[in-house]
Amino acid sequence: EKIDRRYATITGAIRDGKKITGIRFSENGRPHEARAKFVIDCTAESIVCVAAGLDMQGGRDFDGGLQTYSSVCFGTDFKKAWYSYIDNGRISPYDPDEFSAAILDSASSYIHLKNDYSNRRYLGIAPLIGLREGLRPVGEDTVSFPDLVEGKFTKEPVCYGYSNLDNHGKDPVFEDRAYQDFITISGLWGYGVAIPLPVGALIPKDSDGILVAGRSVAVSHDIAMGMRMKDDCQKSGEAAARLAVLAI
């Protein structure tokens, strides 16, 4: 299907005014450029949008904290293999020193350290920590939790997300009041919420030639925890690809 697949690291965005015309990337230590009629940023941390200098949003209002990350380990009880995880804190995926320190802290987490290993054996740990949130561009439309609760949402979504809005946090008192009311006062932590995603959430504001998908769609911090699931990333990715084809 004329697909040129690369395993590379994105290092920048190519701009012509407000229009994103391609990306810069590094492959095997060598710099490259790729031009495109449309760039779709589905890098989870919105690397292309950040590199292009677009207006970004993310994290809770209280302190800018992103959702917690997890440490995953694999083991066996000598009958079957299993995995487990624990939430280890908040970091910025954009700070290389902080990110590296979090990987080391994760690898030495108390989840791996037991007094008795007679009935278990650890087989390894995930090489990267499990991040749940990065920055997202401000979109032509941004979905917020209060708007969703008040019925102010699109009637023509490109797709739906679905989640119980679990942010894995231990400190909901520092989250937005609407989220506190929903999960704490109303006790609706396990209640599934359908999230209608408007086409404008896939279009970064004041830009051209770029669409977003996956964890990079324009939603508020409260909604981001509900649009990070793998099936939701797939649905928004398919929608962004179809939008690009239609536009071209």
Side-chain angles (χ1 to χ4, degrees), residues 41 43-47 49-50 53-71 85-106 109-111 128-153 161-198 200-201 204-205 212 214-229 232-233 236:
D41 187 344
T43 59
E45 275 71 54
S46 306
I47 298 300
C49 294
V50 171
L54 303 184
D55 290 337
M56 307 299 292
Q57 59 181 326
R60 56 189 183 185
D61 291 339
F62 175 74
D63 58 0
L66 301 169
Q67 294 170 36
T68 57
Y69 71 88
S70 289
S71 308
Y85 74 90
I86 190 169
D87 302 326
N88 270 76
R90 304 175 192 273
I91 66 156
S92 168
Y94 306 96
D95 185 324
D97 293 331
E98 190 176 334
F99 187 79
S100 299
I103 291 176
L104 295 175
D105 289 343
S106 171
S109 170
Y110 67 87
I111 188 176
L128 292 175
I129 54 179
L131 297 174
R132 292 190 172 89
E133 183 185 11
L135 295 178
R136 301 168 298 284
V138 175
E140 290 189 353
D141 287 307
T142 294
V143 183
S144 72
F145 188 53
D147 284 348
L148 197 66
V149 172
E150 295 172 13
K152 300 176 183 177
F153 51 82
Y162 186 79
S163 171
N164 65 331
L165 301 184
D166 179 15
N167 71 354
H168 288 249
K170 309 297 191 292
D171 51 4
V173 67
F174 299 126
E175 301 291 343
D176 292 346
R177 182 55 191 262
Y179 184 75
Q180 292 182 47
D181 290 350
F182 188 75
I183 68 162
T184 306
I185 298 176
S186 301
L188 295 175
W189 174 85
Y191 185 81
V193 176
I195 305 168
L197 198 67
K205 192 175 182 180
V212 292
R215 274 180 21 195
S216 299
V217 295
V219 294
S220 68
H221 169 71
D222 296 336
I223 295 295
M225 61 191 77
M227 288 301 301
R228 61 178 170 80
M229 307 303 174
D232 299 327
C233 291
S236 61

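Atom set for the values below is all heavy atoms of this structure, side chains included, hydrogens, waters and symmetry mates excluded.
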We want to know whether Asp222 and Ser220 form a side-chain donor-acceptor pair, criterion being a heavy-atom distance below 3.5 angstrom. no
Residues Asp41 and Arg215 bridged, charged N to O under 4.0 Å: no
Partners passing salt bridge (Lys or Arg N to Asp or Glu O under 4.0 Å) against Arg132 (at least two apart in sequence or in another chain): Asp87
Could you give the distance from CH2 (Trp189) to CG (Leu165), rounded to the nearest 0.5 Å? 11.0 Å
A quick test of your reading: do over 12 heavy atoms of other residues, nucleotides or ligands sit less than 6.0 Å from CG of Asp55? no
Report yes if the side chains of Leu197 and Val217 come closer than 4.5 Å at any heavy-atom pair, otherwise no. yes
Are Asn167 and Thr68 close enough that some pair of their side-chain heavy atoms sits under 4.5 Å apart? no
At what distance, to the nearest 0.5 angstrom, does NE2 of His168 lie from CZ of Arg90? 11.5 Å
Has Ser186 got a side-chain atom pairing as donor or acceptor with Asp181's backbone, closer than 3.5 angstrom? yes
Is Arg177 close to Ile185 at the side-chain level, that is, under 4.5 Å between some pair of heavy atoms? yes
Could you check whether any side-chain heavy atom of Pro204 comes within less than 4.5 Å of a side-chain heavy atom of Val212, counting everything from C-beta outward? yes
Test of understanding: with side-chain contact (heavy atoms from CB on, under 4.5 Å), list the residues that count as partners of Pro172, not counting sequence neighbours. Ile183, Thr184
Can a salt bridge be assigned to the pair Asp232 and Arg228 using a cut-off of 4.0 Å between side-chain N and carboxylate O? no
Walk me through it: do Asn88 and Ser71 pass the test side chain to side chain donor-acceptor pair (under 3.5 Å)? CA-CA 7 Å; Asn88 270 76; Ser71 308; 2.7 Å; yes
Minimum heavy-atom separation for Ser70 to Tyr85, with atom names? OG-CD1, 3.5 Å
Any Pro196 side-chain heavy atom under 4.5 Å of Leu148 side chain: yes
Minimal non-hydrogen separation, Leu66 against Gly58, with atom names: CD2-C, 4.0 Å
Glu133 and His221: side-chain donor and acceptor closer than 3.5 Å? yes
Atom pair OH (Tyr69) and CD1 (Ile129), whose distance is rounded to the nearest 0.5 Å: 5.5 Å
With a sphere of 6.0 Å drawn around NZ of Lys170, does it hold more than 12 non-hydrogen atoms of other residues, nucleotides or ligands? yes
Under 3.5 Å: donor-acceptor pair, side chain of Gln180, backbone of Glu175: yes
Please check this pair: side chain of Ser100 against backbone of Pro96, looking for a donor-acceptor N/O pair closer than 3.5 Å. yes
Would you call Phe62 and Asp176 a side-chain contact if the rule is heavy atoms closer than 4.5 Å? no
Ring centres under 6.0 Å, that's the criterion: do Tyr94 and Phe99 meet it? no
Please report the shortest heavy-atom distance between Ala218 and Val138, naming the atom on each side. CB-C, 4.4 Å
Under 3.5 Å, side chain of Glu98 to main-chain N/O of Ser92, donor-acceptor pair present? yes
Any chance you could measure Glu45, atom CD, to Leu131, atom CG, to the nearest 0.5 Å? 5.5 Å
Do Asp166 and Met225 come within less than 4.5 Å of each other through their side chains, counting heavy atoms only? no
Can you tell me if Ser144 and Asp147 form a side-chain donor-acceptor pair at under 3.5 Å? yes
Straight-line distance of Met227 CE to Ile195 CD1, nearest 0.5 Å: 6.0 Å
When rounded to the nearest 0.5 angstrom, what is the spacing between OG in Ser46 and CZ in Arg136? 7.5 Å
Between Met56 and Pro137, the two heavy atoms sitting closest are CE-N, 3.5 Å
Closest heavy-atom pair and its distance - Gln57, Thr142: NE2-OG1, 3.5 Å
Is a donor on one side and an acceptor on the other found under 3.5 Å between the side chain of Ser236 and the backbone of Gly214? yes
Salt-bridge test for Asp171 and Arg60: reply yes if a basic N is under 4.0 Å from a carboxylate O, no otherwise. yes
